[in-house]
Protein chains: 2
Amino acid sequence: MAKPSAPSDFPRPFTTVDVVIFTVLNEALKVLLVQRPSGRGEPFPGQWALPGGYVDIDQDANLLACARRKLLDKTSVRSPYLEQLGSWGSATRDPRGWSATHAYFALMPAQAVQLSKGANAADVNWFDADEVLASPSLAFDHDEILRAAVDRLRSKVEYTSLPAFLLTEPFTLPQLQKMYEIVLGRPVDKSGFRTRMLAADFLEEVGVVESSAYRPPMGYRLKDRALPVFFPRTFSPRGEQ
Amino acid sequence: MAKPSAPSDFPRPFTTVDVVIFTVLNEALKVLLVQRPSGRGEPFPGQWALPGGYVDIDQDANLLACARRKLLDKTSVRSPYLEQLGSWGSATRDPRGWSATHAYFALMPAQAVQLSKGANAADVNWFDADEVLASPSLAFDHDEILRAAVDRLRSKVEYTSLPAFLLTEPFTLPQLQKMYEIVLGRPVDKSGFRTRMLAADFLEEVGVVESSAYRPPMGYRLKDRALPVFFPRTFSPRGEQ
DNA sequence: GGAATAGTGTCTTTGAGACATTATAGA
DNA sequence: TCTATAATGTCTCAAAGACACTATTCC
């Protein structure tokens, strides 16, 4: 035989990928959840869960590709910001047996999303992230994964340009500031914010945006759509830290 | 039957855990590697690799427990600093088939380690991390994983107390500073270093250490042996960033 | 007293936070 | 001219970096 065989005496855990998809909608941080199917033998029937599922070894070249597939499947968004969050594996997290999931988290502008309802996942919807965390009731260990994703997001927003991925281009600095404020859950000083964003040199002017009333703001787009920028220090109001 | 069965139509990738174990030895950052066995059907025979292996669903309650087991196995160290690094999974990383590994990274004082040579892993040894990275030749995608681990370590050392886990207690501030300098690969100002460490309030005086010549330094131990402390800002010499 | 290491003090500068002020548009 | 939003300026202060200085031990 050409390919060395894997040890057959090791029963394999099953392998899944879950994606925590964030957006900002109605001034709040939202997370995408899907309803578990209620067929026979299905775990957590009818409960809400993170979108995800089995790795398909024929279809998925690697874990990231698998995450992108599941993401495209539910949102029809092709290339949002996507990063690995961590993995969770244990004998008990899935009643069907030892399983390990590779969790990713994604950021996307709400406007870009086309929720694909129906099909196998009975329903798909945006939920207020903090409300879900306040009364945890997701399937599997998804409350824990969501908690980790929100913590990671909030902490990275303190020192990166991540919120820019929640907006469609061109966006304005006041809009971007608003994204920071919504995710962080607190106001941010305008002057310092602007200085910081412009000093980080990751934005490109694309001309004044018209549409709005009053003084029209400058429009910007990302110089590099692929990666966030890291700031040298975190946002932090005087008293804290 | 009591337990719902997993979908049998999904061939499962196999699941492994690998551990990047760091220590500081002879003024250099070292990583623990094991030599791949050379039996029939074994991938990468004779090549060096990160310690790790299959998740044993009977023995391992969860991924962390599996990592701890593999670590104890090779070093006889029971509870070093251990954190999840990420996961790597693809159709091609292991010639035996689609596999996903959950990578952890660990820090331990060199004195605590009892290398367990022999057995299945023909040999186990410490290697200079930067030398390994300079001429990548590890089995599987372990060069990539090591790269990620070193990057993560160096970046976290800039703003956390991680290097304290490379020392046995009690340790002195000059010793701790040395750990920072070795990992970062650059000198650190003594005064600022001391201010910073003491301000972070994670150390406890345990009396002057005798043994050494000249002025005897104060000995310290960690207030909380479980978690590192995060500093509000990174170390960064003037010119940079 | 000299040498070597441990530990402290002082000056400067950077950059963030707070808040006041100016700029530009529509009504 | 008034109002609402966009954008900039100014003052203060905390903390880091650089480096000089003091302290304690052994020889």
Side-chain angles (χ1 to χ4, degrees), chain A residues 27 157-161 167 170-181 184-221 229-241, chain B residues 27 157-161 167 170-181 184-221 229-241:
Chain A
E27 313 251 306
V157 165
E158 296 279 358
Y159 61 93
T160 69
S161 64
L167 291 168
F171 53 81
T172 69
L173 285 180
Q175 285 175 332
L176 184 56
Q177 184 180 342
K178 191 80 193 168
M179 289 298 114
Y180 274 87
E181 293 178 330
L184 292 175
R186 66 162 195 264
V188 166
D189 179 78
K190 180 168 54 169
S191 174
F193 178 80
R194 299 177 65 93
T195 309
R196 193 170 177 155
M197 292 304 132
L198 296 177
D201 193 40
F202 67 105
L203 295 174
E204 219 164 33
E205 294 194 356
V206 294
V208 167
V209 171
E210 15 195 297
S211 65
S212 98
Y214 310 109
R215 175 174 178 175
M218 176 59 69
Y220 294 89
R221 62 186 185 84
V229 163
F230 288 70
F231 308 131
R233 297 173 50 178
T234 63
F235 287 102
S236 54
R238 275 295 150 83
E240 295 182 29
Q241 188 92 238
Chain B
E27 313 251 306
V157 165
E158 295 278 359
Y159 61 94
T160 68
S161 64
L167 292 168
F171 53 82
T172 70
L173 286 181
Q175 286 175 331
L176 184 57
Q177 184 181 341
K178 192 82 192 166
M179 289 298 114
Y180 274 87
E181 293 177 331
L184 292 176
R186 67 164 193 264
V188 166
D189 179 78
K190 179 168 55 168
S191 175
F193 178 79
R194 298 177 66 93
T195 309
R196 194 171 176 154
M197 292 303 132
L198 296 176
D201 193 39
F202 69 104
L203 296 174
E204 219 164 32
E205 294 193 356
V206 294
V208 167
V209 172
E210 17 195 296
S211 65
S212 100
Y214 307 110
R215 175 173 178 176
M218 176 59 69
Y220 293 90
R221 62 185 185 84
V229 163
F230 289 71
F231 307 130
R233 296 172 54 177
T234 63
F235 288 102
S236 53
R238 276 293 153 83
E240 296 183 29
Q241 186 87 240

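In what follows, chains carry the letters A, B, and so on, assigned in the order in which the sequence lines appear, proteins first and then strands, with residues in each chain numbered from 1.
- The nearest heavy atom of DNA chain C to B/Gln175 and to B/Gly192 marks one nucleotide each, and the one closer to the 5' end goes with B/Gln175.
- Note that CZ of A/Phe202 and CE of A/Met197 are 5.5 Å apart. Values are rounded to the nearest 0.5 Å.
- Using cut-offs of 30° and 60° for the angle between ring planes, the B/Phe193 and B/Tyr180 rings count as perpendicular.
- Taking atom CZ of residue B/Phe193 and atom C1' of nucleotide D/dA15, one finds them 17 Å apart after rounding to whole Å.
- Note that OH of A/Tyr220 and CD of A/Glu204 are 11.5 Å apart. Values are rounded to the nearest 0.5 Å.
- When rounded to the nearest whole Å, the span between CD of A/Gln177 and C1' of C/dA18 equals 14 Å.
- Between B/Arg215 and D/dA23, a side-chain N or O to OP1/OP2 separation shorter than 4.0 Å is absent.
- If B/Thr172 and B/Asp189 are placed on DNA chain C by their nearest nucleotide, the residue sitting closer to the 5' end is B/Thr172.
- Distance OH (A/Tyr180) to P (C/dG17): 13 Å, rounded to an integer number of Å.
- Every residue two or more places apart in sequence or in another chain that forms a side-chain hydrogen bond (donor to acceptor under 3.5 Å, both in side chains) with A/Glu181 is listed here: A/Gln177.
- Counting distance only, with no hydrogens placed and no angle test, the side-chain atoms of B/Ser191 and the base atoms of D/dG17 include no donor-acceptor pair under 3.5 Å.
- When each of C/dT5, C/dT8, D/dT3 is scored by its nearest atom to the side-chain atoms of A/Tyr214, the top-ranked nucleotide is D/dT3.
- For the pair B/Leu176 CG and C/dT5 P, the interatomic distance rounds to 18 Å; values are reported in whole Å.
- Here C/dT8 presents its C1' atom at 17 Å from CE of B/Met197, a figure rounded to the nearest Å.
- For A/Arg194 and D/dA6, the shortest distance from a side-chain N or O to OP1 or OP2 is not below 4.0 Å.
- Taking every side-chain heavy atom of A/Pro216 into account, C/dT24 is the closest of D/dT24, D/dA4, C/dT24.
- If you take NZ of A/Lys190 and C1' of D/dT10, they are 15 Å apart, rounded to a whole angstrom.
- Heavy atoms of A/Thr195 sit nowhere under 4.0 angstrom from any nucleic acid atom.
- One interatomic measurement links the two molecules: CG of A/Leu184 to C1' of C/dG17, which rounds to 15 Å at whole-angstrom precision.
- B/Glu158 has its CD atom 13 Å from the P atom of D/dA16, to the nearest Å.
- We find the CZ-OH distance between A/Phe230 and A/Tyr159 to be 6.0 Å, quoted to the nearest 0.5 Å.
- Relative to the side chain of A/Pro174, the nucleotides D/dA6, D/dT10, C/dA3 differ in distance, and D/dA6 lies closest.
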